[in-house]
J.: 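My structure is below; once you've seen it, I'll send some questions.
Reminder, nothing fancy here: chain letters follow the sequence lines and each chain counts from 1. Owing to the predicted nature of the structure, the values given are computational and were not obtained by experimental measurement.
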Amino acid sequence: MSSYDDQDAFEAASLSARAMAARPMPYLDELNPAQRDAVEALDGPVLMLAGAGTGKTKALTTRIVHLLNTGRARPNEILSVTFTNKAAREMKERVGRLLGQAIEGMPWMGTFHSICVKLLRRHAELVGLKSNFTILDTDDQLRLLKQLVAASNIDDKRWPARALAGVIDHWKNRAWTPDNIPASEAGAYNGRGVDLYAQYQVRLKELNAVDFGDLLLHVVWIFQQHQDVLEQYQRWFKYILVDEYQDTNVAQYLWLRLLAGGHKNICCVGDDDQSIYGWRGAEVGNILRFEKDFPGAKVVRLEQNYRSTPHILKAASGVIRGNEGRLGKELWTEAEDGEKVRLIGHWDGDEEARWVGEEIEAMQKGTRGMRPFSLNEMAILVRASHQMRAFEDRFLTIGLPYLVIGGPRFYERLEIRDAMAYFRLVVSPDDDLAFERIYNAPRRGLGEKAFQKIQMTARSNGVSLVDGSRILLESKGIGGKGAVELSRLIEGLDRWGRMVGSPEVSHIELAEIVLDESGYTAMWQNDKTPEAPGRLENLKELVKALEGFENLQGFLEHVSLIMDNDKSDQGEKVSIMTLHAAKGLEFPAVFLPGWEDGLFPSQRSMDESGIKGLEEERRLAYVGITRAEELCTISFAGNRRVFGQWQSNLPSRFIDELPEEHVEVLTPPGLYGGGYGAASGGIESRVAEADVYNSPGWRRMQSRSQQRPVSQPKETKNQVIDLQATSSHTMGERVFHQKFGYGEIVGIEGDKLEIAFEKAGTKKVVARFVCGPDDIPF
DNA sequence: GGCTGGCCCATTTTT
DNA sequence: TGGGCCAGCC
């Protein structure tokens with residue numbers, strides 16, 4: 001192997017010698033029995049089933065330290081895979097801390113993708129690539145696919161390139177190469193999918209490029225076709241560790257199986273109950289099948305939870321119990337009981353947002369008989385990002401600082417991508433996709449027509465777009481302002497290219513020169529739109545980020561794989577994010593709004609994936625609840641505006657699955673008085689109205705609303721109506737609904753009425769939301 | 001070649 | 001309801 005690895009080996013030897021001297025192993029004493037079990041079972045396959053908050057990272061990192069400490073492996077002989085860069089970074093830090101020194105010598109700790117890049121650079125020629133291949137982001141990928149779709153005379157209205165990208169992505173996740181697609185998929189993308197996939201792969205090879213899926217796919221292919229290469233790595237990686245195993249897709253699974261095929265020293269850590277990425281190719285089956293794949297595997301369950309109170313854990317358990325085919329785990333804790341999970345219903349989404357805002361303010365002050373919570377300790381977790389809007393609007397109105405986590409990442413922003421395209425071109429002028437991105441940014445008077453000319457010239461001469469431009473300019477195939485600007489761009493690229501690696505110009509200076517001389521910075525300086533200053537700010541930040549690298553190439557490599565943006569925002573803020581984004585995080589107080597059937601569980605999930613989809617939604621609910629340390633508040637709204645249309649929803653079926661002894665119902669009586677068990681009809685009236693009135697939560701609500709009215713006039717009105725309209729409805733009765741107007745009852749099902757509205761069509765609504773036509777309060 | 005109005009559509013997202 | 005995208009106009 002390369003000298004790089006020898007260097008690692010050297011460090012490893014000295015490091016492990018030092019570590020050996022440090023025996024006995026105090027780190028083992030810090031573990032509970034199950035964790036210790038998982039750490040000490042070093043040889044052979046191990047499945048560590050680690051529930052939420054059970055100290056999985058601790059076990060994993062200690063295991064690595066133990067491997068080193070016992071002399072089983074040197075740092076560069078351990079393959080340790082995660083899904084995100086963040087997880088990899090955290091793991092490195094924690095191993096370093098345990099060892100008492102930074103670990104430079106673990107080159108094989110990283111994401112699936114970053115490790116695959118390393119492997120593929122070494123063996124690129126085996127798949128017909130050069131080792132300096134570029135990694136395309138989704139944007140480049142889409143542009144390429146659009147070209148292919150256009151060339152195939154396909155109506156991209158009916159068959160958008162985006163859909164094709166989805167299909168190809170799906171196939172790559174399953175490790176299907178174009179000649180390998182099952183017949184059942186032949187109809188994909190109007191029957192052209194397989195053909196276009198093949199074309200796409202050819203184009204990628206021509207461009208000396210790969211997409212994210214290829215990173216794994218190519219390496220798996222190499223391992224399958226070149227036994228010698230595979231064996232080399234099987235020997236080299238003496239121990240394999242995998243984090244979040246429940247999230248692996250088929251390609252990743254094959255990759256791991258191939259690498260572990262020799263010694264089978266593989267330790268997979270995961271939680272089948274937290275598998276929430278099925279829609280992007282993850283296979284829960286991988287973790288469920290582990291013992292079959294690796295006979296004699298040791299299975300260790302981490303069930304002692306160090307995060308949440310018993311009420312929270314039991315509520316979460318109650319929900320997840322509804323799933324079939326689980327490996328089975330029951331979390332427990334030594335913590336004090338704490339607060340029950342709180343449940344509250346609201347009239348509509350706006351009211352829900354208003355209530356959450358006020359509740360957060362109240363909790364900050366430490367009212368409600370609880371300790372004060374700082375804003376940083378609270379989070380709102382939603383199913384879909386469009387739900388965030390109501391909260392943002394509300395928080396802006398009341399001046400509550402918040403932070404949306406997720407959203408467009410730094411490196412996905414337009415200006416950053418443009419700047420990166422410039423850098424890519426400077427480093428490798430053959431990068432046609434980069435050229436296509438910036439040839440007219442800033443505006444150079446080069447439009448579609450000019451680009452086509454460049455493209456044709458390049459094609460017919462078999463050269464890159466940059467060289468095609470040169471030929472076109474020489475042959476005067478293009479004139480006017482465009483020609484002047486184009487030749488200036490090409491000259492610039494040549495000039496900047498010569499500065500790469502120059503001792504006089506640092507790569508940071510070079511980046512500044514490129515952005516200035518190309519006119520890119522000026523473009524945003526002259527831009528009057530409100531976003532322009534922010535974009536300039538981002539560009540500055542980009543240049544600053546270069547400081548951490550030795551050269552532009554190193555930076556580009558890094559960025560193509562690392563899309564994190566570290567939002568180190570100062571000041572206390574409530575976090576708002578999706579449930580997916582919340583996985584792996586924890587907060588003392590968590591709000592889970594929007595628990596309505598159709599929204600959560602999502603209708604689309606259920607329609608598309610049936611019971612499988614519903615189970616994944618249920619796992620999402622489980623993930624949500626288990627993010628909370630001390631206080632978890634679930635809420636739902638009877639009405640919500642969806643695409644501008646009012647829609648009436650039933651409370652989520654997951655609400656019925658919450659064990660009542662761990663739930664405190666805050667819902668004001670009358671607003672949703674039938675008890676939260678009403679949706680299934682199974683646990684009807686277990687929260688009788690009298691109980692609700694007497695519940696401490698309701699009393700607290702009452703006392704608080706005297707200090708500051710929670711209810712807006714509109715809502716108070718409804719409460720009054722609702723109390724009068726206690727569910728004694730009859731078929732055919734004419735009723736009135738606040739949002740839908742007049743209608744006739746055509747079905748009664750417990751607490752729910754099916755009503756044929758005169759204007760809004762037939763809908764199911766909770767009885768409390770309608771009243772007789774004579775009771776209309778206005 | 002750039003702007004604007006109308007049309008269509010509308011989870012979850014990492015690398 | 002609102003954002004992204006395209007066609008058609010200047």
J.: Closest approach to the side chain of A:Lys449, judged atom by atom: which nucleotide of C:dT1, B:dG1, C:dG2 is it?
T.: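 When the side chain of A:Lys449 is considered, B:dG1 is the closest of C:dT1, B:dG1, C:dG2.
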J.: Please check if any side-chain donor atom of A:Asn538 sits under 3.5 Å from a side-chain acceptor atom of A:Glu415, or the reverse.
T.: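 Distance-only check passes for A:Asn538 and A:Glu415.
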J.: Say whether A:Trp279 and A:His170, considering side chains only, have a donor N or O and an acceptor N or O under 3.5 Å apart.
T.: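 Result is no, nothing qualifies.
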J.: B:dT13, B:dT14, B:dA10: which one has an atom nearest the side-chain heavy atoms of A:Phe643?
T.: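 My answer, after comparing the listed nucleotides, is B:dA10.
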J.: Of all the nucleotides listed (B:dC3, B:dT11, B:dT13), which has the minimum atom distance to the side chain of A:Ala384?
T.: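 Among B:dC3, B:dT11, B:dT13, the one nearest the side chain of A:Ala384 is B:dT11.
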J.: Side chain of A:Arg280, heavy atoms from C-beta onward: which of B:dT11, B:dT13, C:dG3 has the nearest atom to it?
T.: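 Per side-chain heavy atoms of A:Arg280, the pick is B:dT13.
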J.: Return the nearest nucleotide to the side chain of A:Asn440; candidates are B:dT11, B:dG2, B:dT13.
T.: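 The closest nucleotide is B:dG2.
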J.: Ignoring the backbone of A:Ser385, work out which of B:dT12, C:dC5, B:dT15 is nearest its side chain.
T.: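 Closest of the options to the side chain of A:Ser385: B:dT12.
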J.: Would you classify A:Thr578 as touching base, sugar-phosphate or nothing, given that sugar-phosphate means primed atoms plus P, OP1 and OP2, and contacts are heavy atoms under 4.0 Å?
T.: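 Sugar-phosphate contact only.
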J.: Report the distance from atom CD1 of A:Ile405 to atom C1' of B:dT14, rounded to the nearest whole Å.
T.: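 Checked: the CD1 to C1' distance equals 16 Å.
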J.: If you check every side-chain atom of A:Glu617, which of B:dT14, C:dT1, B:dT11 has the closest atom?
T.: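 So the nucleotide nearest the side chain must be B:dT11.
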J.: Assuming nearest nucleotide by heavy-atom distance, tell me which of A:Phe83 and A:Ala450 is located more 5' along DNA chain B.
T.: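 Taking each residue's closest nucleotide, the earlier one in sequence belongs to A:Ala450.
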J.: Mind checking the C1' distance from B:dT14 to C:dG3? Whole angstroms is fine.
T.: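 Nearest-Å result for B:dT14 against C:dG3 at atom C1': 24 Å.
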J.: Mind calculating the distance between CD (A:Gln647) and P (B:dT11) to the nearest angstrom?
T.: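 Checked: the CD to P distance equals 13 Å.
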J.: Can you tell me how far P of B:dA10 sits from CG of A:Asp607, to the nearest Å?
T.: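 From A:Asp607 CG to B:dA10 P: 14 Å.
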J.: For A:Asp139 and C:dG4, what is the distance between atoms CG and C1' respectively, to the nearest whole Å?
T.: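 The answer, rounded to whole Å, is 14 Å.
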J.: Considering only side-chain heavy atoms of A:Thr84, which listed nucleotide, B:dT11, B:dT13, B:dT14, is closest?
T.: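 Nearest to the side chain of A:Thr84 among the choices is B:dT14.
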J.: Give A:Arg389 one of three labels, base, sugar-phosphate or nothing, depending on what nucleic acid heavy atoms sit under 4.0 Å from its own.
T.: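 The answer is sugar-phosphate, as A:Arg389 gets under 4.0 Å only of primed atoms, P, OP1 or OP2.
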J.: May I have the distance from A:Met388 (atom CE) to C:dG2 (atom P), rounded to whole angstrom?
T.: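 So the two atoms are 18 Å apart, to the nearest Å.
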J.: Test salt bridge (Lys or Arg N to Asp or Glu O under 4.0 Å) on A:Arg424 and A:Asp140 and set out the steps.
T.: CA-CA 13 Å; A:Arg424 274 160 63 182; A:Asp140 297 323; 3.2 Å; yes
J.: Can you check the A:Asn249 CG to B:dT13 C1' distance for me, whole Å?
T.: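 That distance rounds to 13 Å.
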J.: Keeping the roles fixed (side chain from A:Asn440, backbone from A:Leu446), state whether a donor-acceptor pair exists under 3.5 Å.
T.: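 Checked: pair present.
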J.: Does A:Trp279 stack onto the base of B:dT12, taking stacking as ring centres under 5.5 Å apart and planes under 30° apart?
T.: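 Taking the rule of under 5.5 Å and under 30°, the ring of A:Trp279 does stack on B:dT12.
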J.: How many Å lie between CG on A:Asp211 and P on B:dT13, as a whole number?
T.: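 Checked: the CG to P distance equals 21 Å.
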J.: Look at the side-chain N and O atoms of A:Arg443 and state whether any lies under 4.0 Å from the OP1 or OP2 oxygen of B:dG2.
T.: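 Yes, because at least one side-chain N or O of A:Arg443 sits under 4.0 Å from OP1 or OP2 of B:dG2.
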J.: Let's see if you can work this out: which of C:dT1, B:dT11, B:dT15 has an atom nearest to the side-chain heavy atoms of A:Thr138?
T.: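 Minimum distance to the A:Thr138 side chain belongs to B:dT15.
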J.: Between A:Glu244 and A:Gln246, is there a side-chain donor-acceptor contact under 3.5 Å, judged purely by atom types and distance?
T.: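 A:Glu244 and A:Gln246 do have a side-chain donor-acceptor pair below 3.5 Å.
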J.: Taking A:Asp139 as the fixed residue, which of A:Arg437, A:Arg162, A:Arg413 is the one that meets the salt bridge (charged side-chain N to carboxylate O under 4.0 Å, His left out) rule?
T.: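 Output: one option passes, namely A:Arg437.
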J.: Distance check: side-chain N/O of A:Thr111 vs OP1/OP2 of B:dT14, anything under 4.0 Å?
T.: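 The answer is no; no side-chain N or O of A:Thr111 sits under 4.0 Å from OP1 or OP2.
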J.: Test for a donor-acceptor pair under 3.5 Å between the base of B:dT12 and the side chain of A:Arg383, counting only N and O atoms.
T.: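 By the distance-only test, yes, there is a pair.
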J.: In whole angstrom, give me the gap between the P atoms of B:dT12 and C:dC5.
T.: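 These two P atoms come out 16 Å apart once rounded.
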